[in-house]
Amino acid sequence: MKVGILTMFNGLERTYSLVNVVAEHIRMLLDDGIAVKLLVCEDINESEKSGIYLDPRIEWVKVCNRYQGAQIHWRDYSSPQVPIHSTLLEEARVVGEDLIKKLKDVDVCMMHDIHYQGWHLLHNLAVRYASQHLPHLRFIAMTHSMPDTTQVGKHIEWPHSARYTPMPNTIYAYPTACGLEALSRQYQVSRDKCYVINNTLDLFENMREEVRYLYSQVDFISPDILMVYPARFTEAKQFEKIVILAAAIKRVSALSVKVIFCEFPASDTPQEQYKSKIRNIATQGGLTNEEVIFTSDYGFTNGLNRNAVLDLFTLSNLYICPSFAESFGLTVLEAASRGNFIVLNKSVPALRELGESIEAYFMNWDARGFDNIITINYTFSEEDYNEAHAKQIISEIRKNKILVAKTLCRQRYSPKWVFENQLKPLLLMK
């Protein structure tokens with residue numbers, strides 16, 4: 001499949017929000033292996049290319065912006081009362097002829113504000129002309145501003161009426177569902193030809209290279225509960241307690257979970273042996289290998305640097321520290337500062353003191369006090385203990401509006417979710 005994206009950009013300054021929206025669509029398509037042809041104005045300022053616009057997989061196509069040898073200057077026809085200049089229809093035909101040649105190998109053409117914006121009336125007419133000669137081509141017309149319903153029911157003369165008239169082989173899209181009814185009224189199409197394609201938040205775009213690499217290998221987006229635990233890989237950090245609680249959360253809530261261990265070597269613990277022990281415990285609890293990730297398995301044998309860990313905390317929503325002993329717990333503050341629900345080992349004096357100051361959630365695990373070893377004996381079983389706390393933790397997270405919003409931003413408004421659930425089905429539509 002090849003998708004054409006008709007923007008008629010004459011610049012790529014990122015402060016123009018549509019440039020960012022189109023960038024996200026390009027990234028979605030390329031990530032799915034779909035060929036992209038980006039159609040822009042021939043007078044575009046190429047020096048402004050940045051980010052995904054520098055990707056060599058994009059096929060750049062410059063669309064004609066000349067009539068009788070002179071540059072075409074776009075005029076704003078947002079109001080139907082603005083007189084049409086004498087050469088508009090002929091300019092549109094010339095541009096349309098160029099579009100016929102440049103869209104003939106495209107399966108679907110996504111248009112961004114071409115049918116909506118008054119200064120794109122020229123291109124609105126041009127693409128309508130081209131579509132008559134490209135019967136195989138399907139169009140998705142995206143509108144990025146509030147639909148204009150002020151002219152509904154009024155008689156609008158051609159060519160002004162192109163802004164309020166449907167085009168064959170075209171469906172219409174808007175960033176939110178609340179605007180679909182108004183969208184259908186503006187273009188006089190049935191509601192079932194109007195669809196939502198949300199704008200997206202790409203949390204990874206400005207993250208460290210290490211995190212972007214991990215994301216290419218590991219699904220950080222979809223888990224309902226994402227836990228990150230950076231620590232020296234020693235049994236004193238009680239890594240296994242985290243997978244036991246994670247498994248309990250999965251069992252009692254039916255939520256999807258993922259644990260990311262950002263471990264770095266410790267001389268007192270055989271790494272592969274301890275890793276195998278943790279995996280066995282995870283499997284026994286009901287977790288899969290894909291739900292328990294060790295960053296050392298992805299080349300980070302000496303751990304992730306601190307900035308990369310902070311990036312991961314931006315994505316995660318639950319931080320658990322069952323450590324046997326701590327003198328302070330700076331990582332606790334790092335996780336809290338990035339908006340995680342904090343669960344700490346109450347038996348460790350430093351964690352108890354720090355946790356009380358930030359109103360953390362406490363559980364009891366084995367620990368070392370200043371003068372003694374504290375061994376926890378559970379009333380029934382450790383499994384019952386973890387499941388009881390898992391239920392309470394999930395209840396607290398669900399009641400926390402900030403955590404709910406943070407998780408939705410990662411999951412529901414990610415480019416991956418929007419592509420798979422909104423854009424891709426439209427591309428495949430027959």
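Here, residue 1 is the first one in the sequence, and each next residue gets the next number.
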- Message: Closer than 3.5 angstrom, by distance alone: can the side chain of R128 be matched with the main-chain N or O of G96 as a donor-acceptor pair?
- Response: no
- Inspect the contact between E263 and K237 and indicate whether a charged nitrogen and a carboxylate oxygen are less than 4.0 angstrom apart. no
- Query: If we ignore angles and hydrogens, is there a donor and acceptor under 3.5 Å between the side chains of D148 and Y164?
  - Reply: yes
- Does any pair with a residue in residues 17-42 pass ring pair (Phe, Tyr, Trp, His ring centres under 6.0 Å), and if so which ones, sequence neighbours excluded? H25-H112
List the atom pairs, donor and acceptor, that lie under 3.5 Å between side-chain atoms in residues 279-286 and the rest of the protein, sequence neighbours left out.
from: R279; atom 1: NH2; to: D297; atom 2: OD2; distance (Å): 2.4
from: N280; atom 1: ND2; to: S276; atom 2: O; distance (Å): 3.3
from: T283; atom 1: OG1; to: R279; atom 2: O; distance (Å): 2.9

- Query: Does the pair E42/K62 count as a salt bridge with the N-to-O cut at 4.0 Å?
  - Reply: no
- Y215: partners by ring-ring contact (aromatic ring centres under 6.0 Å, His included), with sequence neighbours left out: F204
- Item | Donor-acceptor contact below 3.5 Å, side chain N400 vs main chain E396 | no
- In terms of ring plane angle, is the pair Y229 and Y319 parallel, tilted or perpendicular, where the classes change at 30° and 60°? tilted
- Going by an N to O cut-off under 4.0 Å, is there a salt bridge joining R212 and E209? no
- Message: If the threshold is 4.0 Å, N to carboxylate O, is there a salt bridge linking D107 and K37?
- Response: no
- What orientation do F9 and Y53 show, parallel under 30°, tilted 30 to 60°, or perpendicular over 60°? perpendicular
- Knowing that exactly one of F233, W365, F294 qualifies, which makes a ring pair (Phe, Tyr, Trp, His ring centres under 6.0 Å) with F239? F233
